[in-house]
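Below is one structure, written out as structure tokens; comments come after it.
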Amino acid sequence: MEKTKQDSDFKHIGKKLLSWYKINARDLPFRQTKDPYKIWICEIVFQQTRIAQGLGHYNNFITRFPDVKTLAEAEENEVLLSWKGLGYYSRAINVHKAAQQIMNDYHGIFPDEYEEILKLKGVGKYTAAAVSSICFNGKIPAVDGNFYRVLSRLFADDFDISNSRAFNYFSQLAHLILPENVGDFNQAMMDLGSEICKPKNPLCGECPLNQDCLAFSLEKISEFPVKTKKVKAEDLELKYYFVHRNGQFLIQQRKDDFIWKKLFEFPPVISDDLNPFIKSVKTVNHKLTHKNLSIEIFNVEVDSEEIWNNFIYENKYIVTDVDGSHERSFPKPLENYIQSYDTAYRIL
DNA sequence: AATGCGGGGAT
DNA sequence: ATCCCAGCATT
């Protein structure tokens, strides 16, 4: 960071932001509490997730798992079920493990120090800073994508936000404007970044910091933040066999080493003796952020009771019906096929 | 230091 | 189509 920035006083910016936040804070369900459990859960849910998308999941999660103990004692599959459709499923696995960490290592009391919070599974520097500042008066900026965008514009700083050192770099910048109330400041930066200092078409005319914003005064808002690396989606072909008879069908659970960690799915392969029962095949295209999926779904209607019984007794698949499938978390593109057996059959 | 991981909404 | 969102773990 240049010397001029270090030597100047930008503290009035943080204070202005707090004044704006007092009036313009979004009314969100986790804004009326300092319960570290709820703040922690909301931070995990909203990682890489927009408020509108995750709000229902957050509310359902808190209702089903109202405290650390309830979460720690729950089955992993039930936690995964509550995460259904939200994406980045390692978050659900880690949040469950972290709850058990809190029970075992902290006697069920949420740790109140940044360094301890950081030890929880799935909690990184951002989340630890957020929980610490919001719940325990910690003084650490919770640097996220909003910080990158707001600070890069405020200082017309072209530091590449896709650089690995961006987190440390923008943490330093944040300290230049950091006020006393860091918890409110962190949340204010999120609201400003979401409502005013948006990625596209920011509402600079309404921004409480527009008189302090260098990019705005230079009319170069659109040039910040600088991000060089682009996400590239690769093609991936999958095959699933919807093997069914009399309203029952076969599923299995995925591993935790690829996409859709530990979610349930139809068998990706079948034994040759089921080939005669393939009635139709349908291809579904589905776009993920990192993958362009092409999924072939084979409709395998097993007409022979003998072969069905042989098959389901021999192997490792789970036999379920519509009701049972609703108790398991499925990948989004497979949801249509399990909503109801009749619907799935008709789709195929 | 670089890469993989969902899904949806805005543009 | 492209971007990006209250990031993190793994390599």
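Heavy atoms only: backbone and side chains are in, while hydrogens, waters and symmetry mates are out. Residue numbers begin at 1 in each chain, while the letters A, B, ... track the order of the sequences. This is a predicted model, so every value here is computed, not measured.
- Residue A:Trp83 places no side-chain N or O under 4.0 Å from the OP1 or OP2 atom of B:dG6.
- Residue-level contact check: A:Asn186 touches neither bases nor backbone, having no heavy atom under 4.0 Å from any strand.
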**Q.** Derivation of the salt bridge (Lys or Arg N to Asp or Glu O under 4.0 Å) call for A:Asp191 and A:Arg31
**A.** CA-CA 12 Å; A:Asp191 281 14; A:Arg31 281 280 167 79; 2.9 Å; yes

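- A side-chain contact (heavy atoms from CB on, under 4.5 Å) with A:Val143 is found for one member of A:Tyr148, A:Tyr169, A:Tyr126 and no other, namely A:Tyr148.
- The residues A:Glu73 and A:Lys69 are annotated as salt-bridged, a charged nitrogen and a carboxylate oxygen being separated by less than 4.0 angstrom.
- As rounded to whole Å, 16 Å separates atom C1' of B:dC5 from atom NZ of A:Lys287.
- If you take atom P in C:dT10 and the same atom in B:dG6, they sit 14 Å apart, rounded to whole Å.
- Atom CZ in A:Arg254 sits about 12 Å away from atom C1' in B:dC5, given to the nearest Å.
- A:Ser90 comes within 4.0 angstrom of nothing in the nucleic acid, heavy atoms only.
- In this structure a side-chain-to-backbone donor-acceptor pair under 3.5 Å is present from A:His57 to A:Lys84.
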Using residues 218-233 of chain A as the side-chain source, report each donor-acceptor pair under 3.5 Å to any protein atom, sequence neighbours left out, with the distance given to one decimal.
| from | atom 1 | to | atom 2 | distance (Å) |
| --- | --- | --- | --- | --- |
| A:Thr228 | OG1 | A:Asp160 | OD2 | 2.5 |
| A:Thr228 | OG1 | A:Ser162 | OG | 3.1 |
| A:Lys230 | NZ | A:Lys227 | O | 3.3 |

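- A:Arg149 comes within 4.0 angstrom of the backbone, heavy atoms only, and of no base.
- Candidate nucleotides B:dT3, B:dC5, B:dG8 were compared by shortest atom distance to the side chain of A:Lys229, and B:dT3 ranks first.
- For the pair A:Leu288 CG and B:dG9 C1', the computed distance is 16 Å after rounding to whole Å.
- A salt bridge between A:Arg149 and A:Asp144 is absent, with no side-chain N of the basic residue lying under 4.0 Å from a carboxylate O of the acidic one.
- When each of A:Asn163 and A:His290 is assigned the nucleotide of DNA chain B bearing its nearest heavy atom, the one mapping closer to the 5' terminus is A:Asn163.
- Using a 4.0 Å heavy-atom cutoff across all strands shown, A:Val231 reaches no nucleic acid atom at all.
- The pair A:Lys279-A:Asp303 counts as a salt bridge, with a side-chain nitrogen and a carboxylate oxygen less than 4.0 angstrom apart.
- One can place CG of A:Leu293 at 12 Å from C1' of B:dC5, the figure rounded to the nearest angstrom.
- Look at the P atom in both B:dG4 and C:dA6: the space between them is 24 Å, to the nearest Å.
- Put simply, chain A comes within 4.0 Å of DNA chain C, heavy atom to any atom, from C:dC3 to C:dA9, going 5' to 3'.
- The distance between atom CG of A:Asp256 and atom P of B:dC5, rounded to the nearest whole Å, is 12 Å.
- OP1 and OP2 of B:dG4 both lie 4.0 Å or more from every side-chain N or O belonging to A:Lys261.
- Listed by residue number, A:Gln48, A:Thr49, A:Arg50, A:Gln53 are the residues of residues 42-66 of chain A with a heavy-atom contact under 4.0 Å to DNA chain B.
- Looking at A:Glu116 and A:Tyr106, their side chains do bring a donor and an acceptor atom within 3.5 Å of each other.
- The pair A:Lys291-A:Glu234 fails the salt-bridge criterion, with no side-chain N (NZ, NE, NH1 or NH2) lying under 4.0 Å from an Asp/Glu carboxylate O.
- In terms of position along DNA chain B, the nucleotide closest to A:Ser164 lies nearer the 5' end than the nucleotide closest to the other residue of the pair A:Ser164 and A:Gly87.
- What separates CG of A:Leu263 from P of B:dG6 is a distance of 8 Å, to the nearest Å.
- Residue order along DNA chain C, read from the 5' end via each residue's closest nucleotide, puts A:Lys200 first among A:Asp191 and A:Lys200.
- To the nearest angstrom, C1' of B:dA1 lies 16 Å from CZ of A:Phe167.
- Using a cutoff of 4.0 Å between basic side-chain nitrogens and carboxylate oxygens, A:Glu180 and A:Lys15 are not scored as salt-bridged.
- Counting to the nearest Å, the P atom of B:dG7 and the CG atom of A:Leu236 are 13 Å from each other.
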